[in-house]
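To find a chain, count down the sequence lines: A is the first, B the second, and so on, and within it residues start at 1. Just so we're clear, the structure is a prediction, and the values are computed from it rather than from any experiment.
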Amino acid sequence: MRLLRWRLRWEYAKDFLFYSMLITLLSYFIYSMTGIGALTALIWFKLITSAGGIFMHQNRKAQELAFYMNHGIGKKDLMVTAVIGDLLLWIVGIVVLVKSAI
Amino acid sequence: MDSWYRSSRKVGDMSDRIIVDSVFLRFRSHEVLKGVHLNVHPNQITGLIGRNGCSKSSFLKVITGQIEPQSKLIKYQGRKIDQLYKERALVNYLPQHVFHPKSLRNSRLLSLYGITAESFFTTYPFLQQYERTKFGEMSGGEKRLFEVLMILESASRFSILDEPFTHVMPKHVELIKERITALKTRKGIVLTDHQYDNVLAVADSLHLISDGTIRKVEEREDLIAFGYLR
C-alpha cells in the first residue's frame, strides 16, 4: 500500500519534476560557469521558478485531484512531495558542486 | 413524471452509516450551505437534487474533503473523522468532470481500484477492447462511462457520484442505473444529477438542497412546494 502511494505521488509529480530538472541543470551550469559568487542569486532563481512551476502544475492537474484522493492522497501531500523532491535534488547537486570546487 | 421514487424505510446497520452534520460553507460573504446535514446509509441509495448553483457539488466536495468549509462534523461508526478520503476503502468520489490521469492504462486503473480486469470485463464485455488502452485515448463518453463504472465497482464501502448520467448515452444510462441498483447490496451510494427522473428511479431516499439547507423529500408535491418543479 505504501509503495502504491509512492507510485501515485510519482505519477502526479513527474511532469513537474521534469520541468524542475531542467531548471536544476541550468542552475548547475550557471554555477559551474560563475562559481560561489552566484549562489545567492541561484537560490532565488530556483525558489522562484519552483514556486511558479508548482503553481502551474497544480492548476494543470486540478481536475485529477479526486483520483489521488480516492487513493488516500490529499492535495497538500502531493504538493509537498513534489516540492521536497525537487529542492532536495537541487540542494544535493549544488552541495556536490560546491564541495568539488573547494 | 409517471413514477414516483420508491422511498425505502430500510436503512441497514445504523452504526455503519456516515453522519454529516453542521456543514456551513461560505464563499467570501456568500453563505452557500447553512448547517446542512445528511446521513449516508450502507446498502442504500441517497439521492440529492437541487437547482443549478444550489451547491450540491460543493456539499459533496465537503463530504469528500476537497473543500474545507467553515464548519463540519463527520462521523463514522461513532468516530469523528476529519477527512473521509484518508480512511482506507471507505469512500470514493466521482466528480462531475473526467478526472483520471490520461497516461495510465485502463488495466492499471482497474487494479488501483481493487477491481480484477477479468470480473470487470465479464460484466462489461463491450469495454474489453479498451483494457490495454490508455485512459486518455478513449472518447469523452467512453471515459465518462469507464470511470462511473470503475467507481461503482470499486471495493469502497460508499460511493459518491456527482452527475453520473451526464455525458453518457441513453443505453448506458440504463446500464448505470441497473448497476447502481445491483451494487447497493455491498455499498452505500450518494447520487446527484440534473436528470432527476433517473435519480428518482434508483433512489431509496431523496433530499433537496435549496437556499443553503437540505430537506427530505417524501412526495412529488414536496418538490413543487420547495420550488424545484412547477
Side-chain angles (χ1 to χ4, degrees), chain A residues 1-26 46-47 49-90, chain B residues 57-58 60-68 81-106 108-115 134-136 140 143-144 146-148 150-164 187:
Chain A
M1 191 66 188
R2 191 168 287 178
L3 182 65
L4 170 71
R5 288 193 177 187
W6 279 109
R7 290 182 69 169
L8 288 172
R9 288 183 185 107
W10 164 251
E11 182 62 35
Y12 176 83
K14 64 184 181 187
D15 295 349
F16 167 70
L17 291 176
F18 177 73
Y19 150 83
S20 67
M21 179 59 86
L22 295 178
I23 300 291
T24 298
L25 290 174
L26 182 61
K46 180 61 188 170
L47 288 177
T49 51
S50 284
I54 197 73
F55 176 76
M56 285 190 292
H57 184 71
Q58 163 193 289
N59 284 342
R60 208 168 66 82
K61 291 278 198 179
Q63 301 262 304
E64 294 176 9
L65 186 60
F67 166 71
Y68 296 100
M69 292 178 85
N70 279 344
H71 295 92
I73 310 171
K75 184 178 177 179
K76 202 182 290 177
D77 183 328
L78 291 166
M79 304 272 284
V80 167
T81 310
V83 170
I84 287 179
D86 168 38
L87 292 181
L88 265 183
L89 197 65
W90 187 86
Chain B
S57 296
S58 295
L60 298 186
K61 285 179 180 175
V62 167
I63 297 175
T64 54
Q66 298 219 359
I67 292 180
E68 202 51 52
I81 293 177
D82 285 333
Q83 300 293 355
L84 274 182
Y85 75 86
K86 289 183 179 170
E87 299 292 313
R88 194 173 169 191
L90 182 59
V91 171
N92 58 23
Y93 168 57
L94 177 92
Q96 54 181 264
H97 53 78
V98 170
F99 71 107
H100 284 93
K102 297 182 185 75
S103 59
L104 291 180
R105 291 190 190 281
N106 292 329
R108 177 88 182 111
L109 287 172
L110 289 171
S111 76
L112 285 170
Y113 282 106
I115 306 165
K134 285 184 177 174
F135 183 73
K143 281 181 201 159
R144 190 59 181 163
F146 204 90
E147 56 189 13
V148 170
M150 265 194 305
I151 293 293
L152 275 173
E153 298 287 344
S154 66
S156 67
R157 195 73 194 82
F158 296 90
S159 286
I160 296 179
L161 311 176
D162 194 351
E163 301 194 9
K187 59 166 62 181

Can you tell which part of A/Y68 gets under 4.5 Å to a heavy atom of chain B, answering side chain, backbone, both or neither?
side chain

If I measure from the heavy atoms of chain A, does B/S156 come under 4.5 Å with its side chain, its backbone, both, or neither?
neither

With a 4.5 angstrom heavy-atom cut-off, which part of B/I151 approaches chain A: side chain, backbone, both or neither?
side chain

First locate atom NZ of A/K75, then atom CD of B/E68, and finally report the distance between them rounded to the nearest 0.5 Å.
12.0 Å

I'd like to know if the side chain of B/N92 and the backbone of A/N70 have a donor-acceptor N/O pair within less than 3.5 Å.
no

For the pair B/H100 (side chain) and A/F67 (backbone), establish whether a donor and an acceptor sit closer than 3.5 Å, ignoring hydrogens and angles.
no

For A/K14, does the NZ atom have more than 12 heavy-atom neighbours from other residues, nucleotides or ligands under 6.0 Å away?
yes

When rounded to the nearest 0.5 angstrom, what is the spacing between CD1 in A/I73 and OH in B/Y85?
9.5 Å

Calculate, to the nearest 0.5 Å, the distance between atoms CE and NZ belonging to A/M69 and B/K86 respectively.
8.5 Å

Quick one: OG on B/S111 to CG on A/L4, what's the gap to the nearest 0.5 Å?
8.0 Å

Which atoms of B/L112 approach chain A - backbone, side chain, both or neither, heavy atom under 4.5 Å
both

Would you say B/L104 and A/E11 make side-chain contact, with heavy atoms under 4.5 Å?
yes

Would you give the length of the straight line joining atom OG of B/S154 to atom NE2 of A/H71, rounded to the nearest 0.5 angstrom?
8.5 Å

